[in-house]
Amino acid sequence: MDSNSLYYSLELVAGSGSTLNVERRTALQTSLVILKKNYKFHRVLFWGKILGLKEDYFIAQGRGEDELQDKKNLYSFNCMDWFLLPPATESMKEKVSKIKSRFIGDPSFVYEHIEIRRQGERDDATEEVVIKVNEESRLAVTVHQIDDEVSVVPRGAFVKSPHGLVQMNRSFGGLSHSEAGKLDNFLHFSEAKNLKKKSILEMGDLNPAIDFLDVLSDDIPKGSWSLQLECASKVFVLRSLLWLGLSFYHVPMTPQHGYVYIGDGIKNLDLPFML
């Protein structure tokens, strides 16, 4: 959610329980402006909150000239003091994938996972390997995964220049009521994965300037999104059933849209069995 419209945006997704108290909102309004100036970001977003057993992590995201590539994530415990998260590497992702428990709320906390690996050709030749990863790394990977899998934008809200630069579409006036009621008009704001699999005939109907992202309706499993009209039929709210706690809103006929994640940071792996 853009820091400039945080108060308004949080009200629109409050039906999901995704909200903050007045003290936190006031602190964010001040600190995100300072964050933008100190790091020279083009734009700062309040990304959300990951709930921990001892403390909660508040997450902010700074974006540079290229909205898709130039991203930096930061975390805070009090919405005033911010710490930069490291980029999520492949080795970090592999280690973090073994952890299934709740977040503690301590960045220095070290998780340990014991793996049994085979040595040589003999069946009984095994060794125990202890894999260690700290919570700050886990937080960085979790934020990256949620962004990669369920971050949402309306179709046309961002444009891609011939040079590959992705920026906000200043002429975007919002989806119509009928368009906003269809999952086809909402896109993942992450590197496209399914776009390359489309046929030449399907690609012929796309506009390369705005159709460079994957469509939510192509997601597997089908039914992993809930789309509802709320706030006296004035706003469309999308909720992810894969990452419970991710809420996206869009006010039709206006450029206003955004998403926030407030949850425990654990993926709902049971979803295919629940549908």
Should [X] and [Y] count as side-chain neighbours, where that means a heavy-atom distance under 4.5 Å?
X	Y	result
P86	E136	yes
R155	I210	yes
D219	H188	yes
M168	R43	yes
Y39	L35	yes
F236	H177	yes
P107	F83	no
W225	L246	yes

Sequence neighbours left out, what pairs pass ring-ring contact (aromatic ring centres under 6.0 Å, His included) with at least one residue falling in residues 92-114?
F109-Y111

Only pairs at least two apart or in different chains count here, so list each ring-ring contact (aromatic ring centres under 6.0 Å, His included) that has a residue in residues 147-168.
F158-F189

Do N73 and W47 pair up side chain to side chain, a donor and an acceptor below 3.5 Å, judged on atom types alone?
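No donor-acceptor contact under 3.5 Å links the two side chains.
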
Examine the side chains of Y259 and D147 and answer whether a donor and an acceptor come within less than 3.5 Å of each other.
yes

Say whether, by atom type as modelled, one donor and one acceptor occur between the side chain of [X] and the main chain of [Y] under 3.5 angstrom.
X	Y	result
S224	L242	no
S247	V260	no
K95	R138	no
H250	L175	yes
R25	L20	yes
N169	G156	yes
S5	Y8	no
D270	F273	no
S3	V44	yes
D148	H144	no

Using side chain to side chain contact (heavy atoms under 4.5 Å, CB included), reason through V141 and V133 one step at a time and then give a plain yes or no.
CA-CA 11 Å; V141 169; V133 60; over 6 Å; no

Least distance between heavy atoms, [X] atom then [Y] atom:
X	Y	answer
S190	S151	N-OG, 4.4 Å
F77	G105	CE2-O, 3.5 Å
N4	D2	N-OD1, 2.9 Å
A60	L32	CB-CD2, 3.8 Å
E112	K132	OE2-CE, 3.3 Å
C79	S31	O-OG, 2.6 Å

Only pairs under 3.5 Å count here: list side-chain donor-acceptor contacts from residues 51-59, not counting sequence neighbours, and write none if there are none.
from : atom 1 : to   : atom 2 : distance (Å)
D56  : OD1    : G52  : N      : 3.0
Y57  : OH     : D106 : N      : 3.1
Y57  : OH     : E135 : OE2    : 2.5

Linking I/L/V/M/F/W/Y whenever their side-chain heavy atoms sit closer than 4.5 Å, directly or via other members, would [X] and [Y] fall into one cluster?
X	Y	value
L45	V152	no
L139	Y261	yes
V153	M253	no
F172	V159	no
L227	L229	yes

State the [atom1]-[atom2] distance between [X] and [Y], to the nearest 0.5 angstrom.
X	Y	atom1	atom2	value
I146	S240	CD1	OG	9.0 Å
T26	L6	OG1	CG	10.0 Å
I131	S91	CD1	OG	11.0 Å
Q256	Y249	CD	OH	6.0 Å
L244	N268	CG	CG	4.5 Å
L85	K72	CG	NZ	12.0 Å

Counting only heavy atoms not in [X], do more than 12 sit closer than 6.0 Å to its [atom1] atom?
X	atom1	result
E94	CD	no
M80	CE	yes
K93	NZ	yes

Selection residues 229-242 - residue pairs positive for salt bridge (Lys or Arg N to Asp or Glu O under 4.0 Å), sequence neighbours left out
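Sorted result for residues 229-242: E230-R239.
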
Taking only Lys NZ, Arg NE, NH1 and NH2, and the carboxylate oxygens of Asp or Glu, determine whether E149 and K267 approach each other closer than 4.0 Å.
yes

Electrostatic pair K193-D218, nearest N-O below 4.0 angstrom
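Salt bridge between K193 and D218, a charged N being under 4.0 Å from a carboxylate O: no.
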
The remaining residues in the hydrophobic cluster of I114, counting side-chain heavy-atom contacts under 4.5 Å among Ile, Leu, Val, Met, Phe, Trp and Tyr, are V130

For M1 and V13: C-alpha separation, side-chain torsions, deciding distance, then whether side chain to side chain contact (heavy atoms under 4.5 Å, CB included) applies.
CA-CA 11 Å; M1 289 179 168; V13 295; 3.5 Å; yes

Determine, stepwise, if the pair D70 / E65 fulfils side chain to side chain contact (heavy atoms under 4.5 Å, CB included).
CA-CA 7 Å; D70 302 340; E65 190 177 10; 4.3 Å; yes

Could you label the plane-to-plane angle of the F248 and F186 rings as parallel, tilted or perpendicular, counting under 30° as parallel and over 60° as perpendicular?
perpendicular

Suppose we screen for side chain to side chain contact (heavy atoms under 4.5 Å, CB included). Which residues come up paired with N21, at least two apart in sequence or across chains?
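Partners of N21 under the side chain to side chain contact (heavy atoms under 4.5 Å, CB included) test: E23, R24.
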
